[in-house]
Amino acid sequence: LTSNYTTNCNWTTAQLFEINFAQFGDTIFVTHRNNAIRKIFRDTATAFSVSVFAFATHSTGYPRYQPYYKYAASTVTLNPASSSGTGVSITASAAIFDTDANWIGKTIRIGGKEIDITGRTNTTVVVGTIRESLANSNETADWDESVMSDHRGYPQAVTFHANRLWFGGLYSKPANIIASKISEYTNFDVDNADDADAIDIDISGDQVNEIRHLISGKDLQVFTDGGEYYIPPASDNTITASNISIKRQSPYGISRTAPKMFDQATGFVQKTGKAIREFIYSDLEDGYKSTSVSILAQHLIDSPKEIAIMRGNFTRPEQYAFFLNNGSTHPGKLSVFHSVRDEKIAGWVQWSTRTGDTFQSISALNENLICIGKRFLNGSTVYTLEKFGDDDTLTLDCQTLSTLSQRGSPVVRGASQSTSGEVLITDGFTSAPVIAEQFTIAGNVTEYTIQAVTDNGSNIYTLNLDKNLAAVPADDAIITFTKGHLHSVNAIYTNESVNIIEGNSSLGSFTVSAADTITLTGIPRATGLKIGFNYIPILETMPIDKELPEGPLTGLPRRISRAIIDLNSTLNMTVKAADKTSKSLIVQQVSDTVGDDLVAVTSKKEFFFLGYSKSPTITISQNDPLPIKILGMSVEVVFA
């Protein structure tokens, strides 16, 4: 893993999940209502630079093509002492110049001509440099100030749409939307409101709606804290200052979590944080509707702070939406939504990592799903960057591979080795070799198995082998273990209990030593064992019910007597019904060769159960962290 970073980023850790961004080629614009807009530009394949977003200017340097607005009352006037020059005093008819920080450095306009404020005398008088000569020095109410500033705040919503850059939800103008000129993404000059000029418009209604997110889809979708809107193109398929319209569609409101496009709709977290809705166009209604997709999964939705969308990868076609919860009930857990709209398939499941650990952030990068985990390891809090598996071969949490320990730097003690029999004298070990471990000696490819070990002291060991040496080995010839009981792991697992998998078999749970090693029992193993934390998937059906001619079985005692489960490439599974007795899938058969790897089951398996219940369900789980894939299930129900 390689990393790169850059400076000049103005957002804080607390603001990370409130920022929005829009990307165009190698350029990203990042917005937050309390911070100046930042532009991230990829200079080379591995280098990035960050700068403050700068509005375009005239070739002479002035005017700046930025949006302006008069925040003061319409009756407030300004009276410049001169129509040109520097250090010009400007007197207001009301006490609007409250602090130095709010006004020094700001740009205002009088009669459309720019003036940079360089000083403040008091609440009614500032000093400025007139960049463009004024028509006169008369008192006038025709003035305004730059829309964006540390004083007035910045936009929080941003997107590209219809070949314009759009901003929305300015801190001091929360219902305002501005769009750049066509193809000129830093030019926001409304000028004469010609078709290609910039756009400046407010959402009007019975209340002020704070624009929080903008999404470019079939139309420009506008999400506010008080409802969902969209901006359609005109009949000529354009959006201009003269034909733009904003249409309200639904009244739910959105949280600050950025929405994402998923399965032909835009998924968003409702302002309450307790429901997920999809904003989707309906031909029947000739407009958008915000349908809840979490009605049956409300217990899984807990104020999500981040959404990631995975649209499949090279090994699986399924698409998923991941919602990272941030509430008090399921903090740091993922609520996962799967949907195939055309097939009318949809479902929810919750993912959690090891007890006490949490997901901190999640992102989909092309076909890769990446997360930041917060883990408590070896007595300390550790943040990890982890990638979800592309297929079913990764069945452990925080999984990595072991390295076979060489037990020091063992070599042949050639001065004592004068024969090519079944005895080898060695030195250089830092821990004693163990019977059944296997190794090779530099100079030949023969693999030897240790039959007995004699400790001669001073790290010198005599090894009895399973076969004669192929030749008298050279003095100090390097010994390389190929299979052993001692394996080294990453230091993050120190003193932790981990599970180990080799091939299709689970070797059980082991504790990592302070020296970051694991001592295996049984037969020795080669390098590359799968090391990680076990997690137990749990799948429980809804209560099995049936509508009979004489009425439904709801509330009546009934028993699931049999279940036929369709399995694919499954190595471990347990099944329980009303009697709570676990039925295990038997994978290993008496005809299998001892020592051979397990063969995954792909077939329909039948399980039988006892016990009655008024709400009978089937619960499927695992004892060992091995692949499990369930394609379907049918059940037989007996009622009293």
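Computed from a predicted model, the values in this text were never measured in an experiment.
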Measure from the ring center of [X] to the ring center of [Y] and say whether it is less than 6.0 Å.
{"X": "F337", "Y": "F323", "result": "no"}
{"X": "F533", "Y": "Y535", "result": "no"}
{"X": "F167", "Y": "F188", "result": "yes"}

Are [X] and [Y] side-chain neighbours, meaning at least one heavy-atom pair lies under 4.5 Å?
{"X": "P155", "Y": "W166", "result": "no"}
{"X": "W348", "Y": "L296", "result": "no"}
{"X": "P67", "Y": "F55", "result": "yes"}

Looking only at heavy atoms, what is the nearest atom pair of [X] and [Y], with distance?
{"X": "P627", "Y": "S569", "result": "CB-O, 3.8 Å"}
{"X": "D219", "Y": "I231", "result": "CB-O, 3.6 Å"}
{"X": "Q249", "Y": "Y288", "result": "OE1-N, 2.8 Å"}
{"X": "P625", "Y": "N534", "result": "CB-OD1, 3.2 Å"}
{"X": "Y252", "Y": "S290", "result": "CE1-O, 3.5 Å"}

Could you list the residues that satisfy ring pair (Phe, Tyr, Trp, His ring centres under 6.0 Å) with [X], not counting sequence neighbours?
{"X": "Y320", "result": "H338"}
{"X": "F322", "result": "W351"}
{"X": "F24", "result": "F160, Y185"}

Partners passing side chain to side chain donor-acceptor pair (under 3.5 Å) against [X] (at least two apart in sequence or in another chain):
{"X": "Q156", "answer": "E210, R256"}
{"X": "D263", "answer": "Q319, S339"}
{"X": "D357", "answer": "R354, R375"}

Subject >> Ionic contact status for E228 with R277, cut-off 4.0 Å >> reply: no
Subject >> Pairing of D189 and R64 as salt bridge, 4.0 angstrom limit >> reply: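 No, D189 and R64 are not salt-bridged.
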Original post:
Does N325 reach the main-chain N or O of L300 with its side chain, forming a donor-acceptor pair under 3.5 Å?
Top reply: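 Side chain of N325 to backbone of L300, a donor-acceptor pair under 3.5 Å: yes, one is there.
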